[in-house]
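Taking it in order: structure first as structure tokens, then the write-up.
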There are 4 protein chains.
Amino acid sequence: MEDVAGVAADQLRSIVERVERLEEEKQAIAEDIKEVYAEAKANGFDTKTLRKVISLRKVEANERQEQEAILDLYMQALGMVPPSA
Amino acid sequence: MEDVAGVAADQLRSIVERVERLEEEKQAIAEDIKEVYAEAKANGFDTKTLRKVISLRKVEANERQEQEAILDLYMQALGMVPPSA
Amino acid sequence: MEDVAGVAADQLRSIVERVERLEEEKQAIAEDIKEVYAEAKANGFDTKTLRKVISLRKVEANERQEQEAILDLYMQALGMVPPSA
Amino acid sequence: MEDVAGVAADQLRSIVERVERLEEEKQAIAEDIKEVYAEAKANGFDTKTLRKVISLRKVEANERQEQEAILDLYMQALGMVPPSA
DNA sequence: CACTGGAAAATGCCGC
DNA sequence: GCGGCATTTTCCAGTG
């Protein structure tokens, strides 16, 4: 018989490590972002406004994406192929 | 001069792009994490418990940090320097 | 009927008042806490360290809770029921 | 000699206990507020909008207060007494 | 698909 | 007055 519990334990350890590793990376990037804002502030930019601008751009990007998705849908319905991806 | 309405447009663009790039990376990592959980689930692990385990480990690490921080404070109060960093 | 623009005005007023009342109480307590710290400072205590001590105690309590929560999860996973509450 | 360290320890304990007690009360009130929102939600109100309304009222209250403060200032400058408080 | 719980963002506060 | 930190609020993903 295989060492079932041992295998599960190994898997578990692997999962936990992978997640923790990824979360560390994510955290590191979050800190990079904070640094960018700090630098921007040091250069006289208002971070609150900056955040709002970036947030707005994200919303617009989402909307654009949705519109493209709808467009693709229509094109598929018409038997047309989408431009690229 | 490249200023538009009194702000350095180039700088602004650079900041926005850097933040957006970093946020994309962050998002990509978040998706990687989701994949790990999905795979774990497919292998029979209970994701809720997994998340709790990882959360607990984080809390424990956090407590260790807090203890160190307070130790440093005590040492400062006693006029001792904390050991290097 | 007391509805204005489709909403129950009386109910709305009641909700808003209750929340605002509670927020006032909360704020009052926050000020009490500040007073305690101010008094402590006046008696020669270092507030930063005090805050850290209290914070650490909170983290410890929190970890205990997390451990109990995960224990419950394990017991559930093993088909055992947690001991009442 | 008085038991200096002992006295300080007593004071410290007292401070910590008072703060923790107050924070518990604050937390209890926070939970009451959540309950009010939950109840409101159960009655069909949109909590996000409710929060916004209450937030707006708070801002307006602040503004009113500031205006009154200015008014008091002017009245003092003119040798007039403020109405009550 | 609504709800709960946890992560992220925003705000306010304290100390320097 | 500002920078960092803690709290609070908001948002979003996961769950049932």
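Each chain gets a letter, A, B and so on, in the order the sequences are listed, and its residues count up from 1.
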I'd like to know if [X] and [Y] make a salt bridge, using a cut-off of under 4.0 Å between side-chain N and carboxylate O.
X	Y	result
E25(A)	R21(A)	yes
E68(D)	R64(D)	no
K58(C)	E23(D)	yes

Could you tell me the separation between the [atom1] atom of [X] and the [atom2] atom of [N], rounded to a whole number of Å?
X	N	atom1	atom2	answer
I29(D)	dT7(F)	CD1	C1'	16 Å
D46(A)	dG3(F)	CG	P	13 Å
I70(C)	dG6(E)	CD1	C1'	15 Å
E23(A)	dA8(E)	CD	P	8 Å
N43(A)	dC2(F)	CG	C1'	16 Å
F45(A)	dC2(F)	CZ	C1'	19 Å
L50(B)	dA13(F)	CG	C1'	16 Å
I33(C)	dC13(E)	CD1	P	13 Å

(request) Could you note down all residue pairs passing salt bridge (charged side-chain N to carboxylate O under 4.0 Å, His left out) where residues 33-52 of chain A supplies at least one of them, sequence neighbours left out? (result) E39(A)-R18(B)
(message) Less than 4.5 Å apart, side chain to side chain, heavy atoms only: is that true for V59(B) and E63(B)?
(response)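 Contact flag for V59(B)/E63(B) side chains = no.
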(request) State, with a plain yes or no, whether a side-chain heavy atom of Q67(D) is found less than 4.5 Å away from one of L71(D). (result)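 No - every pair of side-chain heavy atoms lies 4.5 Å or more apart.
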(request) Using the closest heavy atom to pick a nucleotide of DNA chain F for each, name whichever of K58(D) or E66(B) lands nearer the 5' end. (result) E66(B)
For nucleotides 14-16 of chain F, which of its nitrogen or oxygen atoms have a protein nitrogen or oxygen under 3.5 Å away, and what is each distance?
residue : atom : partner : partner atom : Å
dG14(F) : OP2  : K34(B)  : NZ           : 3.3
dT15(F) : OP1  : T47(B)  : OG1          : 2.6

(message) Under a 3.5 Å threshold, yes or no: a donor from one side chain and an acceptor from the other, between E31(C) and Q27(C)?
(response)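 Yes, side-chain donor-acceptor contact under 3.5 Å.
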(message) Let me confirm one number: the NZ-CD1 distance from K26(B) to I33(A), rounded to the nearest 0.5 Å.
(response) 5.0 Å
(message) Nearest 0.5 Å, please: how far is CG in L12(B) from CZ in F45(A)?
(response) 5.5 Å
(request) Five pairs at each end of the helix from dC1(E)-dG16(F) to dC16(E)-dG1(F): take the axis at both ends and give me the angle between them to 10°. (result) 0°
(request) Side chain of K26(A) only, please: which of dA9(E), dT7(F), dA7(E) is the nearest? (result) dA7(E)
(message) Check this one for me: any side-chain N or O of K52(B) less than 4.0 Å away from OP1 or OP2 of dG5(E)?
(response)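 False: K52(B) side-chain N/O out of range (4.0 Å or more) of dG5(E) OP1/OP2.
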